[in-house]
Amino acid sequence: MPDARLASPGGPDPASTDDSLILLFMSCHPSLSITSQIALTLRAIGGLGTPEIGRALLVPESTVARRITRAKRSIIESGVPFALPSAQERERRLDAVLRVLYLIYNEGYASTRGSDLQRVELAHEAIRLARMVHHALPDDSEVTGLLALMLLTHARHRARTGLDGSLIPLADQDRADWDAGAMREGISLITDALPRGSTGPYQLQAAIAAVHDEAASWEETDWPQILALYEVLLRVDPSPIVRLNHAVAVAMVHGPEAGLERLATVSGRGELQDDRRFHAVHAHLLAMTGDRTAALDAYAAAAERATNLQQQRYIHAQMQRLRD
């Protein structure tokens, strides 16, 4: 059953009159550093606290607090009027705006704290804001790509948790619960965006999400295509999480040993040593090779770093499955 809150608005108010959009572009003022822009917007619009922002940006909470304080002071002192910037100024601030929306959506998709896996209303807010930016800049392919990515990913949100709120991995989800309308819109958007201009990271991530959504089952997922897309994504965005996801795709195509070799290059940089996702992937690949002892150690490291109750429960369940 489609979610009405994801539906494309039939008659949206002009973007220039929407206070949220004005605040979004104001928070991404060029006088602020990119990291300060992101921190302030996540706080002002996304409603995230400093611990959540710190985890999202992989920086200490104290650093986030200082950035927000400085950013507020800078905007007040600049005397910028509360109005949507000109078209030229919007273009200058767009990269920061898109990254902010991406991080807000990610926090809604997988909450970094609390007892619920997802913060669905936060995800809906990110999608609403992305629609407004897309309405203001309909010809920008990365704006279109980001909206497509959100829709294609959020289409699965009802199938991601059980009745008790427990995490259900993609391989085990009931695809009949996926939102077909959101998938169709997301696929249409990314199909339209890819041929236009240069291909950016949001378009590539949306294309990967589309491959997952189009698969009739986990077993029928086109992993070679996903791996090929990650190879391209690595060239435009070699971030730690992209390298981690690339290692997973390598494992799915070439086997867990190849995935572990790739993962070792991620580990060597040390950027994700405190990130639950790295240790969970490491544990999963080790389990696939049959090394239960090492997998249990890696799962224990992931559980220690998990800050969401449902993520912790899922990791402990995997550990118990290995012990049994």
Side-chain angles (χ1 to χ4, degrees), residues 33-42 46 48-68 95-96 98-113 146 149 153 200-202 204-205 208-209 226-227 229-252 254 256-289 294-295 297-308 311-312 314-315 318:
S33 68
I34 284 288
T35 51
S36 294
Q37 292 172 0
I38 292 168
L40 180 60
T41 310
L42 287 172
L48 275 64
T50 50
E52 295 164 295
I53 298 171
R55 283 190 287 271
L57 299 178
L58 301 178
V59 297
E61 181 179 345
S62 58
T63 302
V64 171
R66 288 195 299 271
R67 287 174 180 171
I68 290 174
D95 284 348
L98 295 185
R99 189 177 176 206
V100 163
L101 296 182
Y102 180 73
L103 289 172
I104 293 173
Y105 178 78
N106 281 348
E107 180 61 28
Y109 173 81
S111 178
T112 54
R113 69 177 183 182
L146 178 59
L149 172 61
T153 305
Y202 298 119
L204 290 166
Q205 290 180 70
I208 292 167
I226 289 174
L227 177 58
L229 287 166
Y230 269 118
E231 297 284 357
V232 179
L233 181 56
L234 271 175
R235 293 198 287 270
V236 298
D237 179 25
S239 67
I241 295 301
V242 170
R243 292 199 302 272
L244 178 65
N245 291 334
H246 175 253
V248 174
V250 168
M252 297 304 297
H254 299 298
E257 291 84 1
L260 286 168
E261 283 185 25
R262 182 65 60 174
L263 198 63
T265 66
V266 180
S267 176
R269 295 172 179 259
E271 296 158 305
L272 295 177
Q273 284 305 307
D274 291 326
D275 193 291
R276 162 194 57 83
R277 293 165 291 186
F278 170 80
H279 296 283
V281 167
H282 191 201
H284 181 65
L285 297 185
L286 288 167
M288 288 174 68
T289 68
D297 288 342
Y299 271 130
E304 183 181 347
R305 291 160 174 79
T307 55
N308 177 277
Q311 293 166 351
Q312 291 172 344
Y314 177 77
I315 293 168
Q318 297 308 299

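Between the side chains of T289 and E257, no donor N or O sits under 3.5 Å from an acceptor N or O.
Atom OG1 of T41 sits about 10.0 Å away from atom CG of L103, to the nearest 0.5 Å. In this structure, CD1 on I208 lies 5.0 Å from CG on L229, to the nearest 0.5 angstrom. Here the straight-line distance linking atom CZ of R66 with atom OG1 of T50 works out to 11.5 Å at 0.5 Å rounding. Taking NE2 of H282 as the reference point, atom NE2 of H284 lies at 12.5 Å (rounded to 0.5 Å). The structure places OH of Y102 at 3.5 Å from CD of Q205, a figure rounded to the nearest 0.5 Å. Rounded to the nearest 0.5 Å, atoms CG (L101) and CG (N106) are 11.0 Å apart.
A pairwise comparison of heavy atoms in A306 and I315 identifies CB-CD1, 4.2 Å as the closest pair. Residues V266 and P240 come closest through the heavy atom pair CG1-O, 4.4 Å. Scanning both residues, P201 and D237, for their nearest heavy atoms gives CB-CB, 4.1 Å. Between A209 and L149, the closest heavy-atom pair is CB-CD1, 4.2 Å. Scanning all heavy atoms of the two residues, the minimum distance from A280 to Y299 falls at O-CE2, 4.2 Å. L272 and F278 make their closest contact through O-CB, 3.5 Å (heavy atoms, listed as atom of the first residue, atom of the second, distance).
Within a 6.0 Å sphere centred on OH of Y230, other residues, nucleotides and ligands contribute more than 12 heavy atoms.
In this structure a side-chain-to-backbone donor-acceptor pair under 3.5 Å is missing from H254 to G259. Between the E107 side chain and the T112 main chain, a donor and an acceptor come within less than 3.5 Å of each other.
Residues I68 and I53 form a side-chain contact, since some pair of their non-hydrogen atoms from C-beta on lies under 4.5 Å apart. Within the 4.5 Å cutoff, no side-chain heavy atoms of R243 are placed close to those of T265.
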Inset, instruction - Give the C-alpha distance, both sets of side-chain angles, the deciding distance and a yes or no for side-chain contact (heavy atoms from CB on, under 4.5 Å) between V100 and Q37. - result: CA-CA 8 Å; V100 163; Q37 292 172 0; 5.6 Å; no

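With R276 as the fixed residue, the side chain to side chain donor-acceptor pair (under 3.5 Å) test singles out one of Q312, Q311, E304: Q311.
Remark: R262 engages no residue in a salt bridge (Lys or Arg N to Asp or Glu O under 4.0 Å) (not counting sequence neighbours).
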